[in-house]
Amino acid sequence: YTTGQVLAGENYDQRLEPASITKVMTSYVVAAEIKNGKIKPTDPVLMSERAWREGGAGTDGSYSGFELNKTAPLVDMEKGMAVQSGNDAAIALAEHTAGSEEAFASLMNNYAARIGMKNSHFVNAHGLSAPEHYSTAHDLALLGQAMIRDYPETYAYNKIKEFKVGAMNPQPNRNLLLWRDPAVDGIKTGHHSGAGYCLMSSALRGDQRLIAVVMGSTSEKQRADDSMALLNWGFRFFETHRLYEAGKAIAQQRVWKGTSKQVQLGVAQPLLVGVPRGRYADLKPTMDVPKVLEAPIAKGQAIGTVKVALDGKLVAQAPLVAINAVERGGFFRRLWDSFWMWWESE
């Protein structure tokens, strides 16, 4: 999760039907549109005729059971989609967010492109089989990474073990790993005849988070077994280290024409890196900063980049920011520094 590095995989860029893992993309779009102020968690969302007929109890797919032509709070629809994998809830959310499922699919593809999902294309919000509706294990892992990073509150719905709608009995989350390992907190199952049994899972142990994607499996149990095996293998042979804390100086740089001659540099967010166990001492950090810095410099201003490599390959990087502000110096300070800058440039 930290670096996006693929630790293990087979055919992970092959285009396949993602089934209901599609709903993670739907969740991402809804969360993004909430952040953009287009919709609100408290919005009443209508269970339309189309959503009810194409995704409700009369279909072969999973459904949440919201009443036809009635509204429910958007947040409940989201939980119905995430926990119960409700196709009806997915369509209703799409219609509420974009006016129609077709328009919503365009949003899905736009956001997928921003995430970097180069081999994905969505035509619906629920994941039932459709021409030109596909993704890859690699792309879905990128989606999981983005969901956890960008919208952790919405992501948290995926670890809810059961959810109840109206008078119906509570429906359980289909992710069996939630019951097997307390470190697992998501993400989403999927299944139909064309896709087989799919599972995108994630677990957090200490500072280390991993994401696994299994597609085209033969059964609900098999997808869970294979996913658990991948996660356990990753935790066994790889480790995550916190290299730098947010807001703490890790270097300082000369500043010209300012009230101070130095600016302290650090990272705005903790910098974590995942490496094979026992290789921490082999990490090589470097810092890329401008040769000449002139005041004024604002606190939090991006100054350069810190990069971390292992065996010559980049494994992590983050912007370097100013920990302290440096105000513009007085006239004589600027004049004096201008002279020395000229002198040293000769």
Open item on the list: Run the side-chain contact (heavy atoms from CB on, under 4.5 Å) test on L243 and L283 for me, step by step, so that the C-alpha distance in whole Å, both residues' side-chain angles and the decisive distance to 0.1 Å come before the verdict.
Closed with: CA-CA 10 Å; L243 295 184; L283 292 172; 4.1 Å; yes

TODO: Could you walk me through whether L199 and N175 pass the side-chain contact (heavy atoms from CB on, under 4.5 Å) test, one step at a time?
DONE: CA-CA 8 Å; L199 175 58; N175 184 357; 3.8 Å; yes

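- L265 and V308 fall within the same hydrophobic cluster, where Ile, Leu, Val, Met, Phe, Trp and Tyr residues are linked whenever their side-chain heavy atoms come under 4.5 Å apart, directly or through other members.
- Between the side chains of D139 and S120, a donor-acceptor pair is found at a separation under 3.5 Å.
- In this structure, N324 and K299 have side chains that are not in contact, with every pair of non-hydrogen atoms separated by 4.5 Å or more.
- Contact detail for G266 and I250: the closest heavy-atom pair is CA-CG1, 4.0 Å.
- Under the 3.5 Å distance criterion, the side-chain polar atoms of Q171 are left unmatched by any main-chain donor or acceptor of V165.
- Residues V30 and L74 have side chains in contact (heavy-atom distance under 4.5 Å, counting atoms from C-beta outward).
- In this structure, L310 CG and K284 NZ are separated by 9.5 Å, a value rounded to the nearest 0.5 Å.
- Residue L271 comes nearest to A316 through the heavy atom pair CD1-CB, 4.2 Å, listed as atom of the first residue, atom of the second, then distance.
- More than 12 heavy-atom neighbours from other residues, nucleotides or ligands sit within 6.0 angstrom of NZ on K161.
- Side chain to side chain, S85 and K188 meet the donor-acceptor criterion of an N or O pair below 3.5 Å.
- Salt-bridge annotation for D225 and R180: present, with a side-chain N of the basic residue lying under 4.0 Å from a carboxylate O of the acidic one.
- Side-chain contact check for T2 and R209: no donor-acceptor pair (N or O, by modelled atom type) lies under 3.5 Å.
- The minimum heavy-atom distance between H133 and G127, with the atom names listed, is NE2-CA, 3.8 Å.
- Note: S100 OG to R50 CZ = 7.0 Å, rounded to the nearest 0.5 Å.
- Looking at H96 and I39, their side chains come closer than 4.5 Å, going by heavy atoms from C-beta outward.
- Counting heavy-atom neighbours within 6.0 Å of E102 CD, excluding the residue itself, gives a total above 12.
- D43 places a side-chain N or O within donor-acceptor distance of the main-chain N or O of K40, the cut-off being under 3.5 Å.
- In this structure, CD in E17 is found 10.0 Å from CG in L128, a value given to the nearest 0.5 Å.
- A salt bridge is defined here as a Lys NZ or Arg NE, NH1 or NH2 lying under 4.0 Å from an Asp or Glu carboxylate O, and D181 with R205 meets this definition.
- In this structure, a donor-acceptor pair under 3.5 Å is absent between the side chains of Q222 and S217.
- Within the 3.5 Å criterion, the main-chain N or O of K159 finds no donor-acceptor partner in the side chain of N173.
- Between E327 and R333 there is no salt bridge, since no side-chain N of the basic residue sits under 4.0 Å from a carboxylate O of the acidic one.
- Between the side chains of Q14 and Y134, no donor N or O sits under 3.5 Å from an acceptor N or O.
- Inspection of the H191 and S20 side chains reveals no N or O donor paired with an N or O acceptor under 3.5 Å.
- Looking only at side-chain heavy atoms (C-beta outward), N87 and E54 stay at 4.5 Å or farther from each other.
- Connection of I211 to Y151 is established within a shared hydrophobic cluster, with ILVMFWY side chains joined at heavy-atom distances below 4.5 Å, either directly or through further cluster members.
- Using a 4.5 Å heavy-atom cutoff, the side chains of K307 and M287 are not in contact.
- For A203, the side chain to side chain contact (heavy atoms under 4.5 Å, CB included) partners two or more places apart in sequence, or in a different chain, are A183, V184, L231, F235.
- A single hydrophobic cluster is seen to contain both Y111 and Y155, as judged by linkage of ILVMFWY side chains at heavy-atom distances under 4.5 Å, directly or through other members.
- No continuous path of hydrophobic side-chain contacts links L204 to Y1 [ILVMFWY only; heavy atoms under 4.5 Å].
- A salt bridge links R279 with D311: the distance from a Lys NZ or Arg NE/NH1/NH2 to an Asp or Glu carboxylate oxygen falls below 4.0 Å.
- Looking only at atom types and distance, the side chain of N119 has no donor-acceptor partner in the side chain of H138 under 3.5 Å away.
- Ring geometry for W340 versus W336: interplanar angle over 60°, hence perpendicular rather than tilted (30 to 60°).
- Contact annotation: the side chain of I187 never approaches that of S201 to less than 4.5 Å [non-hydrogen atoms, C-beta and beyond].
- E294 pairs with exactly one of K257, R328, R334 by the salt bridge (charged side-chain N to carboxylate O under 4.0 Å, His left out) rule, that one being K257.
- Side-chain N or O atoms of S227 include one that pairs as donor or acceptor with a backbone N or O of R223 at under 3.5 Å.
- Residues A125 and A94 share a closest heavy-atom pair of CB-CB, 3.9 Å.
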- [ ] Assess whether side-chain contact (heavy atoms from CB on, under 4.5 Å) is satisfied between Y28 and I115, documenting all intermediate values.
- [x] CA-CA 10 Å; Y28 189 92; I115 292 169; 3.9 Å; yes

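- When atom types are taken as modelled, the side chain of E239 and the backbone of G278 share a donor-acceptor pair closer than 3.5 angstrom.
- For E67, the CD atom is loosely surrounded, since the number of other residues' heavy atoms within 6.0 Å does not exceed 12.
- Here OG1 of T154 is found 12.5 Å from CD1 of I148. Values are rounded to the nearest 0.5 Å.
- Heavy atoms from other residues, nucleotides or ligands lying under 6.0 Å from CZ of R15 number more than 12.
- The existence of a salt bridge linking D76 and K79 is excluded, since no basic side-chain nitrogen approaches an acidic carboxylate oxygen closer than 4.0 Å.
- Summarising the geometry of G186 relative to L178, their closest heavy-atom pair is N-CD2, 4.0 Å, with the distance given to 0.1 Å.
- Considering CD of Q145 and CG of L210, their distance stands at 11.5 Å, rounded to 0.5 Å.
- With no hydrogens or angles considered, a side-chain donor-acceptor pair links Q84 and S64 at under 3.5 Å.
- Closest of all the heavy-atom pairs between I34 and P41 is CG2-CD, 3.9 Å.
- A side-chain donor-acceptor contact under 3.5 Å links Q301 to the backbone of A298.
- Residues D88 and W52 fail the side-chain proximity criterion, which asks for heavy atoms closer than 4.5 Å.
- A distance of 8.5 Å separates CG in D185 from CG in N158, rounded to the nearest 0.5 Å.
- Side-chain contact between T26 and M81 is present, with at least one heavy-atom pair separated by less than 4.5 Å.
- When the side chains of ILVMFWY residues are joined at heavy-atom separations under 4.5 Å, either directly or via intervening members, Y244 and V315 end up in a single hydrophobic cluster.
- Counted within 6.0 Å of OH on Y157, heavy atoms from surrounding residues, nucleotides or ligands total more than 12; the atom is thus considered enclosed.
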TODO: Go through the steps for K261 and V255 under the test side-chain contact (heavy atoms from CB on, under 4.5 Å), then give the verdict.
DONE: CA-CA 5 Å; K261 293 184 178 182; V255 178; over 6 Å; no

